[in-house]
*Asks:* 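This structure is in structure tokens; I'll ask about it shortly.
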Amino acid sequence: MGIAGLYQIFIENTLFTSDSTHVIVCTNSSVMDGTSPLEDLYVNNESPATTAAPLERYRIHAISLNTGEVTGVISHDMDRIQTFPTIQGRILCLLSLHRQCILLYSISDDGQFIPLKSMGHSLLDDDPLYLPREYSSRLSFFLSAFKQSLFTFLYKRAKTSGDKRDIYKFLNDEATYRQFKMVRCQLVDMRYVLVRMQR
């Protein structure tokens, strides 16, 4: 299936839960060039080019420190994950650079990964209820829900400043904002995620 070599362990990505009962280990495997279908290379309108950073396969393992057994696994095929995931308490935060999506998982007491939230192309839990069934994220010219929220915040901040020049500046810089991509995120606490974006 185009997998070159075995999965390698990211030693620097070893994370511990706050109660020191589980360790989180990230492994990855390279994907041979020319084996990726188009739908994996361009998953939505925010996907960056894959020429500079090839896609990989990832496995994230939860391991019990008491028994040494693997208790949970997350699989991300044909993706590019931020080098340094973060953890707060028992909440794991991942950034998919390829899908431009922040993923939050809860680690249960028995070491299972429970999906909590996905922030990127969609943002709210009920987004699928309001998007048309024929809606395709890959072919859409619309902004992702995350970037739309960012634009809304920037516009409201410019509008409430009371200076029309701030609104003109926002409109002038709109094309630049569209080119911004999420490159790093950090889970600050249980309520806030710090996101770095750049062109």
Side-chain angles (χ1 to χ4, degrees), residues 1-32 35-36 39-40 43-44 46-48 50 53-129 137 144-146 181-197:
M1 297 299 291
I3 301 177
L6 301 175
Y7 283 86
Q8 299 178 340
I9 297 176
F10 287 148
I11 300 298
E12 66 273 14
N13 283 4
T14 303
L15 303 169
F16 294 87
T17 57
S18 59
D19 56 4
S20 299
T21 59
H22 292 86
V23 59
I24 310 301
V25 178
C26 183
T27 62
N28 78 319
S29 174
S30 300
V31 177
M32 291 174 58
T35 62
S36 305
E39 56 266 23
D40 287 332
V43 294
N44 60 48
E46 293 290 335
S47 294
T50 60
L55 299 180
E56 296 178 315
R57 287 183 167 89
Y58 295 85
R59 299 290 183 270
I60 300 168
H61 309 265
I63 302 172
S64 170
L65 291 176
N66 295 324
T67 65
E69 296 178 347
V70 175
T71 56
V73 179
I74 304 172
S75 298
H76 286 270
D77 290 333
M78 313 302 280
D79 209 337
R80 192 78 187 164
I81 302 291
Q82 173 185 274
T83 308
F84 300 102
T86 58
I87 191 170
Q88 285 287 339
R90 300 186 71 87
I91 305 297
L92 178 68
C93 178
L94 300 176
L95 171 60
S96 169
L97 299 172
H98 180 56
R99 301 174 190 278
Q100 286 294 288
C101 182
I102 298 171
L103 303 164
L104 297 177
Y105 294 90
S106 174
I107 304 168
S108 65
D109 292 339
D110 60 354
Q112 296 291 320
F113 291 105
I114 302 171
L116 290 182
K117 189 80 174 173
S118 173
M119 297 176 285
H121 175 65
S122 61
L123 199 59
L124 302 176
D125 295 334
D126 60 354
D127 278 350
L129 298 176
S137 62
S144 68
F146 176 85
K181 305 291 183 187
M182 292 187 282
V183 295
R184 181 160 294 191
C185 75
Q186 180 175 347
L187 188 61
V188 179
D189 56 27
M190 301 302 181
R191 296 181 58 195
Y192 296 101
V193 177
L194 186 64
V195 181
R196 177 184 174 189
M197 303 185 74

*Asks:* Got a second to check how far I87's CD1 is from H22's NE2, nearest 0.5 Å?
*Replies:* 10.5 Å
*Asks:* Measure across T71 and S64 and return the closest heavy-atom pair with its distance rounded to 0.1 Å.
*Replies:*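 Shortest heavy-atom separation between T71 and S64 comes out as CG2-CB, 4.0 Å.
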*Asks:* Just to verify, which of I74, I9, T27 counts as forming a side chain to side chain contact (heavy atoms under 4.5 Å, CB included) with H61?
*Replies:*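 One option only clears the test, and that one is T27.
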*Asks:* Would a 4.5 Å heavy-atom cut-off, applied to side chains only, mark I24 and I60 as touching?
*Replies:*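 I24 vs I60: side chains touch.
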*Asks:* Stepwise, does the side-chain hydrogen bond (donor to acceptor under 3.5 Å, both in side chains) test hold for S144 with R99?
*Replies:* CA-CA 11 Å; S144 68; R99 301 174 190 278; over 6 Å; no
*Asks:* Which heavy atom of T86 sits nearest a heavy atom of C185, and at what distance?
*Replies:* CG2-O, 4.2 Å
*Asks:* Walk me through whether V193 and L187 qualify under side-chain contact (heavy atoms from CB on, under 4.5 Å).
*Replies:* CA-CA 4 Å; V193 177; L187 188 61; 3.6 Å; yes
*Asks:* First locate atom NE2 of H76, then atom CZ of R57, and finally report the distance between them rounded to the nearest 0.5 Å.
*Replies:* 14.0 Å
*Asks:* Heavy-atom distance under 4.5 Å between the side chains of L95 and I102, does that happen here?
*Replies:* yes
*Asks:* Nearest 0.5 Å, please: how far is SG in C101 from CG in D79?
*Replies:* 9.0 Å
*Asks:* Quick one about D19 and T17 (side-chain donor to acceptor, distance below 3.5 Å, no hydrogens or angles considered), yes or no?
*Replies:*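 Checked: T17/D19 side chains pair up, N/O donor to acceptor below 3.5 Å.
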*Asks:* What are the two closest heavy atoms between Y105 and L103, and how far apart are they?
*Replies:*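 Here Y105 and L103 meet closest at CE1-CB, 3.9 Å.
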*Asks:* How close do I114 and S108 get, heavy atom to heavy atom, and via which atoms?
*Replies:* CD1-CB, 3.9 Å
*Asks:* Do F146 and V195 touch side chain to side chain, with heavy atoms closer than 4.5 Å?
*Replies:*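 Contact flag for F146/V195 side chains = yes.
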*Asks:* Where the side chain of R90 meets the backbone of I107, is there a donor-acceptor pair that is under 3.5 Å apart?
*Replies:* yes
*Asks:* How about N28 and I81: do any of their side-chain heavy atoms sit closer than 4.5 Å?
*Replies:* no
*Asks:* For D109, check salt bridge (charged side-chain N to carboxylate O under 4.0 Å, His left out) against everything at least two apart and list the hits.
*Replies:* none
*Asks:* Determine whether a donor-acceptor pair (N or O, by modelled atom type, separation under 3.5 Å) exists between the side chain of Q100 and the backbone of K181.
*Replies:* no
*Asks:* CE of M119 to SG of C93: how many Å apart, nearest 0.5 Å?
*Replies:* 6.5 Å
*Asks:* Between C26 and Y58, what is the shortest heavy-atom contact and its length?
*Replies:*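 Minimum heavy-atom separation between C26 and Y58: SG-CD2, 4.1 Å.
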*Asks:* Which heavy atom of Q88 sits nearest a heavy atom of M190, and at what distance?
*Replies:*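 Answer, listing the atom of Q88 first, then M190: O-CE, 3.2 Å.
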